[in-house]
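Single-structure report; data block below.
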Protein chains: 2
Amino acid sequence: MRVSLKDVALRAGVSIKTVSNVVNNYQHVTPAMRARVQQAIDELGYRPNMTARHLRKGRTGIIALALPELGNPYFAELAAAVIDAAAEHDYIVLLDHTGGRREQELLVSQGFRARVIDGLILSPLELQTEDLEGRTEPVPLVLLGERHYDLPYDHIAIDNVAAARAAVRHLLDLGRREVAFLGSRPRRNQPAELRVRGWREELAAAGLPADEGLVGATDGWGHEDGARAMARLLDAGRRPDAVFAYNDLVAIGAMRVLSERGLRVPEDVAVAGFDDVVEGRYGAVTLTSVSPDKAAIARMAVESVLSRLGGEPRPGGRPGGEPGGEQQPPRRLTAGFSLIERESTLGRASTPGR
Amino acid sequence: MRVSLKDVALRAGVSIKTVSNVVNNYQHVTPAMRARVQQAIDELGYRPNMTARHLRKGRTGIIALALPELGNPYFAELAAAVIDAAAEHDYIVLLDHTGGRREQELLVSQGFRARVIDGLILSPLELQTEDLEGRTEPVPLVLLGERHYDLPYDHIAIDNVAAARAAVRHLLDLGRREVAFLGSRPRRNQPAELRVRGWREELAAAGLPADEGLVGATDGWGHEDGARAMARLLDAGRRPDAVFAYNDLVAIGAMRVLSERGLRVPEDVAVAGFDDVVEGRYGAVTLTSVSPDKAAIARMAVESVLSRLGGEPRPGGRPGGEPGGEQQPPRRLTAGFSLIERESTLGRASTPGR
DNA sequence: GAGCGGGCTTGCAACGTTATACGGTTCCGG
DNA sequence: CCGGAACCGTATAACGTTGCAAGCCCGCTC
């Protein structure tokens, strides 16, 4: 924070702008001049002050990513993918977590946590439509995940209903008939709605009743929640022959309880999860899971948010700005998924690769 | 990025500085004036431009955290702890990952990835002492993790040797005599050194030979690496009755292989890991593990790095700055740990809580 | 009623950078 | 040898904010 363009200019005996031109690799600088300036730069150990550059350019090169929690490996893995996708565009990621709490999500959406960013990628759990309607924050916002909002913001997700149906279909194809769903959230505003719906639809398509007694509610979506929901179901005297869980953590928690109760996976109960986290690939029983294309989600999210800031590259820029950008209608981008079948439904004998 | 102090001042009919005073809650502003300015602020929807503020103040309110990889839940959980610790001081965290590659770690340490930060917390794996010796970057750096560098930077870690000894001691107390170590890294520069040393020392203390044939080398420290190392050991005809792994992922990978080979944990082979990641608490066999105090590590790291930037709060500030700060000698801060004993050493019968 | 002190408000000058507009070279063909 | 067009470098003015120091005004005191 000490040596500035001015110092370099003084030393090299040129104007500030010339030094700036050299630093920015401006085309029309004679090699001789470039060398002379570069020498002054090296001698003084000049480093550009990014803060000043950002003030001048009106961009910071930072996007924020706000996730419910990093403890869930799905989000940790997604964060890694976003960091990489952002790096592709020379962007850096500011990370925040909301705990999935509406209050905190609201704060983040309004930029009260991070106010130095060009754009925001938010993965909400409890945020309500009305929370976002009053949003005045000028930085572009892109939403991630299962929840749909009828608002002018880009949204990126996989087809949750189709993915859930594929998982349930797989369980039914194995001959299972009592398929439980673990991880709904009845009292709240149903973030798990789409996956429950997929479960319901696929059962209906198979001519089976969607037994609401087989829906296990949870408070959160961690191991503990899955374990509790599974225990509750069993304690209620239910004995499903298959479980489709809201996510992998819930599934793993459930498997733990099944094993404690002496039930074998998959012989007695087949289990399928959602997210395809690494953790599911190395348990005693590897976990069948819906695998969202995280890299695609990350890429879409970053490109989406960056495409929205074409408007005002610099403070004094022309009002119109580049053609692309912030005036496009909101988009619903759908990333792909696949169902990875592992031991928790197939059994160990026919174990495929990891 | 549109309405500035100037606009608000114009509207309220006061000077720019007065608006600034209101925004910053300066003491000597009459309530009437404050109300008038506030109204103009609300009417125009003014939001302070943080970039300009930072340029002026010489601080950004951002610290960077660079970790090997987020896919490892230990680092993900640590990141969450750092975000919270930073929030306590009104700081925001810029997250980066290095893949544990020296090249990338060097880049980060020199500030080439993120250049808008007040401080940097780096958890290196392969970085060499000489890489850091030539560091000219002016922002304070704090190092995390097992590796020790004889350099003027704060370092935060748990006592790895003692922790490893505690784990091995536990295995020996159970009557095990052939304790393998999984996760050394022979060809590289031995980041696992301290934990291997702990293993060696504790065996020596028990009067047992440290059988180098029971040290399983790995390339990385993921599940896959643990699985491979375990398989290699077994394929070589070794049959240890206990395994101490460099970290939980290696331990879990090893347990998977043990189970595939028909060996029971802990009856045939007791397993202990390191990091106490959530994942280890919900497998079919819960994992005994050294549990570093992540919250303490995060808190120490944040406070450490922030304490170093007392020097130049603002560009035009007095040269001395506040008394505290950047001239203190480097510190070695040690966080606590505990050994959490679970089924992978105790067996299921006596399962304690999670 | 004048002097004075203290609380409120303001103008100015940075912070370090880039954009704009312009002045000075150089180099070519006519 | 000159006119003009590239071409290269410069001076100046922002970007939005805060710190400093000075100025104003009001009420209190003697």
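Letters A, B, ... mirror the listed sequences (proteins, then strands); counts begin at 1.
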Note to self: In whole Å, I'd like the distance from the OH atom of Y26(B) to the P atom of dT17(D).
What the structure shows: 19 Å
Notebook entry, point to check: Looking at side-chain heavy atoms only, is the closest gap between T129(A) and D150(A) below 4.5 Å?
Noted result: no
Next item on the list: Output the single nucleotide from dT18(C), dT9(C), dC15(C) whose closest atom is nearest the side chain of T30(B).
Entry: dT9(C)
Notebook entry, point to check: What integer distance in Å separates R53(B):CZ from dT17(C):P?
Noted result: 21 Å
Notebook entry, point to check: Taking the side chain of S15(A) as its heavy atoms from C-beta onward, which of dG9(D), dT10(D), dA14(D) lies nearest to it?
Noted result: dT10(D)
Next item on the list: Please report, rounded to the nearest Å, how far the P atom of dG16(C) is from the CG atom of L44(A).
Entry: 14 Å
Next item on the list: Figure out the NZ/C1' separation between K6(A) and dT17(C), and round it to whole Å.
Entry: 12 Å
Check: Which nucleotide in the set dT10(C), dT10(D), dG16(D) lies at the smallest distance from any side-chain heavy atom of N21(B)?
Finding: dT10(C)
Next item on the list: For V29(A), answer base if it contacts any base atom (sugar-phosphate contacts may also be present), sugar-phosphate if it contacts only those atoms, and nothing otherwise; contact means non-hydrogen atoms under 4.0 Å.
Entry: sugar-phosphate
Notebook entry, point to check: More 5' along DNA chain C: R47(A) or K17(B), using each one's nearest nucleotide?
Noted result: K17(B)
Next item on the list: Ignoring backbone atoms, test whether H28(B) places a side-chain nitrogen or oxygen under 4.0 Å from the OP1 or OP2 oxygen of dC8(C).
Entry: yes
Margin query: Determine whether a donor-acceptor pair (one donor, one acceptor, N or O, separation below 3.5 Å) exists between the side chain of R56(B) and the base of dA14(C).
Written below: yes
Next item on the list: Report the nucleotide, chosen from dG16(D), dT17(C), dG9(D), that has the shortest atom-to-atom distance to any side-chain atom of A52(B).
Entry: dG16(D)
Next item on the list: Looking at every strand, decide which applies to M50(A) at a 4.0 Å heavy-atom threshold: base, sugar-phosphate, or nothing.
Entry: nothing
Next item on the list: Would you kindly give the CD1-to-C1' distance between I16(B) and dT10(C), to the nearest whole Å?
Entry: 11 Å
Checklist line | Length of the CG-C1' vector between D7(A) and dC15(C), whole Å | finding: 13 Å
Next item on the list: Among the candidates dG9(D), dT18(C), dG16(C), find the nucleotide nearest to the side-chain atoms of N24(A).
Entry: dT18(C)
Item checked: Protein-nucleotide distance (N49(A), atom CG; dC15(D), atom P), rounded to Å -> 18 Å
Notebook entry, point to check: Whole Å only: how far is the CD atom of Q27(B) from the P atom of dG19(D)?
Noted result: 14 Å
Next item on the list: Start with the C-alpha distance between E137(B) and R47(A), add both sets of side-chain angles, then the distance that settles salt bridge (charged side-chain N to carboxylate O under 4.0 Å, His left out), and finish with yes or no.
Entry: CA-CA 9 Å; E137(B) 187 67 11; R47(A) 318 270 315 230; 3.0 Å; yes
Check: Of the candidate nucleotides dT17(C), dA19(C), dT17(D), which contains the atom at the shortest distance from the side chain of P48(A)?
Finding: dT17(C)
Next item on the list: Among V14(A), N21(A), V19(A), find the one that has a side chain to side chain contact (heavy atoms under 4.5 Å, CB included) with K17(A).
Entry: N21(A)
Check: Side-chain contact, heavy-atom cut-off 4.5 Å: V22(A) with Q38(A)?
Finding: yes
Notebook entry, point to check: Among dC15(D), dG9(D), dC15(C), which nucleotide sits nearest the side chain of T18(A)?
Noted result: dG9(D)
Check: Does CD in E43(B) sit with more than 12 non-hydrogen atoms of other residues, nucleotides or ligands closer than 6.0 Å?
Finding: yes
